[in-house]
Amino acid sequence: MIKAVRGTRDILPPSSAVWNHVEAVTREVFRSFHYHEIRTPIFEETALFARGVGEETDIVSKEMYTWDDRDGSSITLRPENTASVIRAYIEHRLDQIPGLTKLYYIGPMFRRERPQKGRYRQFSQIGAECIGTEAPAVDAEVIELAMEILTRCGAQNPTLLLNSVGCKKCRPVFVEALRERLQSVKGTMCTDCQRRADTNPLRVLDCKVPEDQPVIDALPSILDYLDPECSAHFETVKSLLTARELTFEIRPRLVRGLDYYMRTTFEVTHGALGAQNSILGGGRYDGLAESLGSKVPAPGIGFSIGEDRLVMAIEEQTNAGDLAKLDVFLVPMGAAAVKHAALLARDLRRAGNVVEVSTDHKLKRAMETANKLKARYALILGDNEIEAGVYALKNMATGEQQNLTREQLPSALL
RNA sequence: GCGGGUGUAGCUCAGCUGGUAGUAGCGCCAGAUUGUGGUUCUGGAUGUCAUGGGUUCGAAUCCCAUCACCCGCCCCA
């Protein structure tokens, strides 16, 4: 018995209807913000991710699906999409196009991690990138866009967390200060933090061990180390978010795992998800293009939503079956009725109804099926009806049944 | 990659300290007189007890390994 490989899964009805709903709503929101879709390849040269995401990140160091192609080149399934989008931006000289480059994507990513609830080896991200300016107004709009998608899709009460991680100039100063302070206090912390104090001081800020919290609270805050430019940028972003009537929590401890982030970073969590409660992550990446070899600067900001997790959150709050409504279950009785039903079904579908035609030969069976499929109406047509030129329309919820002419049918179905 | 838990019918699960798998619930199929569902009643089908070894006269039950899923860590969407 061959089964789906570890960390991958089939998305079946009715869950697939939720996915379609999410994607339809998402595309509509993107359209309203004048974002356009970009579809990049699902695999790229390994070097793109190594340089873009960062050699030292967990993603690159141990989570990528990488193999040697027949010509000897190293290929990798994309673990995220920002690097690919920037690559395409540079390759196709999108900086020459008037206005900002506002792109979105929806598609699968691949990371070889330990599978868990809300974490898969093939997972889908909905992402957006706005490239071409450092202006803080764009940060605010991108965040608004992200929140708009979540709420319009039906995720209730998402929490927006906000931080600034500084830039190439001020962040290293902070990291050094943090490292120094940790040397004196790490002895009182958990073993993980003792290790992080040396390997990756920023990660200490993310520690969830309750006993460590007082120590962490007393550590230096990145916000005190922002240089004047970064600080002004952050202040403007905050005021523009408030102007948009968005609520957020400042989290100086919010450090993101990808090397390319600078200045604004943000994350959205959702209560219904357990340990993998992060549903969206994003931030600004002004130096990324240059690190990929671009001669022209391409400052930008973007986010990506974990579509699997968003769908999961929505499914906890709503009934997936409701998205797959069947309007009319057509029940033809007899050979003549089957032929008659074919054209009737066509016309009803063209009028916007969801129609299924019964293949049951017994009326009783057909009605049982109509009930199980939760059809709004059963439409019975047999010899009697064809002869009389009427259709027997039964409302499945109330049980009422009436005979209607062809002309009366459309309005009765509304 | 590390730690813990789980794995019995389509689904949710019983199965106590080893003795031929459950009238279990839901679902599915058929019927309760000829063209009408939802409630009720009756009958029926379905399992290499995750996989592979081992202990034993005998293993779903004990042991080992593998795989998958779940929870946590690491990290992240």
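Just so it is clear: chains get the letters A, B, ... in the order the sequence lines come, proteins before strands, and each one is counted from 1.
Nucleotide B/A68 forms a Watson-Crick or G-U wobble pair with B/U6, both donor-acceptor distances falling under 3.5 Å. Searching all strands for a Watson-Crick or G-U wobble partner of B/C73 with both distances below 3.5 Å returns B/G1. Under the Watson-Crick or G-U wobble criterion, with both distances below 3.5 Å, B/U40 is paired with B/A32.
Within the 4.0 angstrom heavy-atom criterion, no nucleotide atom of any strand lies near A/Gln122.
With hydrogens and angles ignored, no donor-acceptor pair closer than 3.5 Å exists between the side chain of A/Asp383 and the base of B/G35. For A/Lys364 against B/G35, no side-chain N or O and base N or O form a donor-acceptor pair under 3.5 Å. Under 3.5 Å, the side chain of A/Arg119 and the base of B/C75 form at least one donor-acceptor pair of N or O atoms. The base of B/G35 is paired with the side chain of A/Glu385 by a donor and an acceptor separated by under 3.5 Å.
Nucleotide B/G72 holds its C1' atom 13 Å from the CG atom of A/Asn277, rounded to whole Å.
With distances taken from any side-chain atom of A/Gln401 to the nucleotides B/U36, B/A77, B/G37, the minimum falls on B/U36.
Side-chain N/O atoms of A/Arg6 include one lying less than 4.0 angstrom from OP1 or OP2 on B/C69. In terms of phosphate contacts, A/Lys372 brings a side-chain nitrogen or oxygen within less than 4.0 Å of OP1 or OP2 of B/C29.
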